[in-house]
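In this text the structure is predicted, and so the values were computed from the model without any measurement.
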Amino acid sequence: MFAEPDVEREDRPDGSVVFRSRDPLGTYPRSVATMLRDWAEVDPGYPLVAERDGDGWATLTYGEVRRRADALGQALLDRGLGPDRPVMILSGNSVAHLVLTLGALTAGVPVAPISVAYSLLSGDHARIRQIAKVLNPGLVFAEAGGPFAKALAAVEAPGVDRASVVLAREVHVVDGAESLDDLLATSPGQQLEAAYAATGPDALAKVLFTSGSTGAPKGVLNTHRMLCANQQSIRQVWPFLGEERPVLVDWLPWSHTFGGNHNVDLVLHNGGTLYVDDGKPAPQLFGRSLENLRSAQPTLYFNVPAGYAQLVPVLEQDPDFARVFFSRLRLLFNAAAALPAALRTRLAGAARAAGVDVPLTSSWGATETAPAVTSAHFPFDDSRCIGVPLPGLEVKLAPVGEAREIRVRGASVTPGYLHRPDLTAAAFDEEGFYRTGDAAGPASDDPNSGLLSGGRIAEDFKLDTGTFVRVGALRTALLSAVPLLSDAVIAGENRSYVSALAWLNDAEARALFAGSLESSDGCVMHAELRAHVGKQLAAMNAAAGSAGRVERLVVLAEPPDLDAGEITDKGYLNQRRVLVRRVAFVERLYAGEPDAAVIVAG
């Protein structure tokens, strides 16, 4: 199922260590559109994508998607779009979104899928205006006019040329908008074929906007070479993809590199089928994901730790669902953050209870790396393991203070940021390695045993005792020790001990406590919960040193705020922004006499 890792290690006099695969990168397609066209020639009747239609699924085959993509590609060229006038996509995952993307890429027109939260959860749409000014799109697409009307208006920011507006539904809501159906009626011609032929590996395919922990979104350039080379790298360590066409049921947003590049392109590169999951790991929507997984069983399952935290209790409590879920599953995959060890153990236990032994693997990468850099394509026990470098990529661990920063060089690495030569220059070291800002270290002296994630370097801090706290590792340990928590930020810089602000995992809370969990003064107040969490903190602390202990914790009632910068466009917590915005809660953690909301280990 997996290729054996074959990695060489180079130790340098400056203290840096370079790892690279001895397996050379194979030949890859010259563009993403080539993936579509190749499979449409080989097997035009095979299903490519499906989305919910009542109780069933509306499906399009490779041949049908190819025909629609060609029509849309020609329509974009007719409207003056090209390499410098991209498509801006405001709405989320859908068949229309995918077909429009493939049409644009066929015509050599870049696409920029934007986080739906910027349109539907934002109060001021400031980030939409910022992105539009940087991108200057030639066309803006949204699934429906009503929900996106304010965001569409925000696109017309000062300094932005007027763009065409195309809607799949509710076209009348927006003045001057065109219907996607009208574009689909376009007849493709020689202009499209010429544009397709001119789109080579170094042509721009996507601009993905990421703010990380710094604020204003920056546009990461994603070329066709990056995306296609990355998929070839993955296939070489997962050779089973060449023998069995994958089936995915996936919710991960296409505005983010995990869902939009890793997963969508994996389906395209390997001739698979993608069922668009219209749920997500949120209390009000996760039931929909469960219905979709029951209806269309995946062969590969991709998720982030928050998604697995919702899924595992269901697998444990509903054996019938577990049997269906695991019925043809070949692989479980986690990325974005380390999966807490306890959750990993429970997930493996749920699989065994269903009568199967499904590998659970992990990977690491970034928006700037298209995304996969490392893969754990071998058995491992340490939940921090992110695997070894993929073929065609070099990883350098460079000393930065008390940590080692993981840096990357290879075919899947971005050439830089849209209209930001200053950011581009700062992003690479003197050897051309991309500086990720993440820390990592070798799992052992054997280079084939992989690397261990060390979290974000900028988040780490020292206690007033001089003890260094690795925030990423401690956060993962906390979420593993206290499954009731969905996420947490770690406090304690220049303090005498570590504390945390946290949020509840609704699935686990409902399983343990009957009824609602009341809140007061911004905190969840529940006597049984306080006692339960306090005991789990004490158990975690008993086995840890001062840098691995969490002495106090507050469970917050108010979720992280996108507009306030507490969560990034990818949905990750911005550790430092949360601590600044919620400084009053931090001060309560360090009061001499803790109030009733503060949970003390014990």
Side-chain angles (χ1 to χ4, degrees), residues 1-7 21-50 59-63 65-66 227-250 252 258-259 261-275 293 296-303 324-335 348 351 354-363 365 370-372 374-380 387-393 411-412 448:
M1 184 170 177
F2 296 137
E4 289 290 330
D6 186 10
V7 176
S21 173
R22 293 190 179 94
D23 184 17
L25 181 63
T27 303
Y28 48 86
R30 65 183 182 86
S31 75
V32 175
T34 301
M35 299 179 188
L36 169 65
R37 288 192 165 196
D38 285 350
W39 281 107
E41 289 291 327
V42 170
D43 195 354
Y46 194 84
L48 166 54
V49 62
T59 303
L60 288 181
T61 66
Y62 277 83
V65 172
R66 158 76 194 273
L227 303 177
C228 296
N230 205 240
Q231 289 303 320
Q232 177 60 28
S233 296
I234 295 169
R235 184 189 283 183
Q236 286 179 224
V237 300
W238 291 357
F240 69 91
L241 290 173
E243 303 167 2
E244 179 182 320
R245 296 164 76 166
V247 176
L248 272 63
V249 180
D250 194 42
L252 289 157
F258 188 1
N261 287 347
H262 188 283
N263 295 356
V264 171
D265 290 349
L266 185 140
V267 168
L268 284 169
H269 188 52
N270 299 288
T273 303
L274 173 62
Y275 289 86
L293 289 167
Q297 303 88 30
T299 61
L300 308 177
Y301 186 68
F302 300 93
N303 219 323
V324 171
F325 175 74
F326 287 114
S327 61
R328 58 176 182 169
L329 202 63
R330 295 288 304 278
L331 179 71
L332 290 159
F333 179 100
N334 171 73
V356 296
D357 184 13
V358 180
L360 172 58
T361 189
S362 65
S363 181
T374 64
S375 173
H377 52 99
F378 51 85
F380 64 95
V388 296
L390 290 166
L393 291 164
S412 300
N448 291 322

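At distances below 3.5 Å, at least one donor-acceptor pair connects side-chain atoms of Thr273 with backbone N or O atoms of Pro47. Judged by distance alone, the side chain of Thr361 and the main-chain N or O of Ala376 form a donor-acceptor pair under 3.5 Å. For Gln232 (side chain) and Leu25 (main-chain N/O), no donor-acceptor pair under 3.5 Å exists by modelled atom type.
With sequence neighbours excluded, no residue forms a side chain to side chain donor-acceptor pair (under 3.5 Å) with Asn334. By the side chain to side chain donor-acceptor pair (under 3.5 Å) test, Glu41 is found to be paired with no residue, residues two or more places apart in sequence or in another chain being considered. Residues meeting the side chain to side chain donor-acceptor pair (under 3.5 Å) test with Asn448, sequence neighbours left out: none. Partners of Thr299 by side chain to side chain donor-acceptor pair (under 3.5 Å), not counting sequence neighbours: none found. For the salt bridge (charged side-chain N to carboxylate O under 4.0 Å, His left out) test, residues two or more places apart in sequence or in another chain that qualify with Arg37 are Asp70, Glu193. Judged as a side-chain contact (heavy atoms from CB on, under 4.5 Å), and not counting sequence neighbours, the contacts of Asp265 are Val32, Leu227, Gln231, Asn261, Leu268. Take Arg330 and apply the side-chain contact (heavy atoms from CB on, under 4.5 Å) test, not counting sequence neighbours, and it matches Met1, Phe240, Glu244, Leu300. With sequence neighbours excluded, the residues forming a side-chain contact (heavy atoms from CB on, under 4.5 Å) with Asp43 are Tyr46, Arg245, listed by chain and number. Under the salt bridge (charged side-chain N to carboxylate O under 4.0 Å, His left out) criterion, Arg328 pairs with no residue, sequence neighbours left out. Shown here are the salt bridge (charged side-chain N to carboxylate O under 4.0 Å, His left out) partners of Asp38, two or more places apart in sequence or in another chain: there are none. Remark: Ala335 pairs with Phe258, Phe333 by the side-chain contact (heavy atoms from CB on, under 4.5 Å) rule, at least two apart or across chains.
In this structure the side chain of Asn230 reaches within 4.5 angstrom of the side chain of Pro371, judged on heavy atoms. With contacts defined as side-chain heavy-atom distances shorter than 4.5 Å, the pair Phe302/Leu266 qualifies. A heavy-atom distance below 4.5 Å is not found between the side chains of Cys228 and Arg30. With contacts defined as side-chain heavy-atom distances shorter than 4.5 Å, the pair Ile234/Leu241 qualifies. Residues Ser21 and Asp6 fail the side-chain proximity criterion, which asks for heavy atoms closer than 4.5 Å. Side-chain contact check for Arg66 versus Pro44: every heavy-atom pair is 4.5 Å or farther apart.
Distance check, rounded to the nearest 0.5 Å: CZ of Phe2 to CG of Leu331 gives 5.0 Å. Of the inter-residue distances, the one linking Asn263 atom CG with Leu274 atom CG reads 8.0 Å to the nearest 0.5 angstrom. Leu393 contributes atom CG, which lies 9.5 Å from atom OG1 of Thr374 (distance to the nearest 0.5 angstrom). The NE2 atom of His262 sits 9.5 Å away from the CG atom of Leu248 when rounded to the nearest 0.5 Å. To the nearest 0.5 Å, atom CD of residue Glu4 and atom CG of residue Asp23 are 12.0 Å apart. With rounding to the nearest 0.5 angstrom, the CZ atom of Phe380 is 6.0 Å from the CG atom of Leu360.
Ser375 approaches Leu390 most closely through the heavy-atom pair CB-CD2, 3.7 Å. Nearest heavy-atom pair across Val237 and Pro391 is CG1-CD, 3.7 Å. Taking both residues in full, the closest heavy atoms of Ser327 and Gln297 are given as OG-CG, 3.6 Å, listed atom of the first, atom of the second, then distance. Heavy atoms only, all atoms of each residue included: Ala3 and Pro239 are closest at N-CD, 3.6 Å. When all heavy atoms of Arg22 and Val7 are compared, the closest pair comes out as NH1-O, 3.2 Å. Gly272 approaches Tyr62 most closely through the heavy-atom pair O-OH, 2.7 Å.
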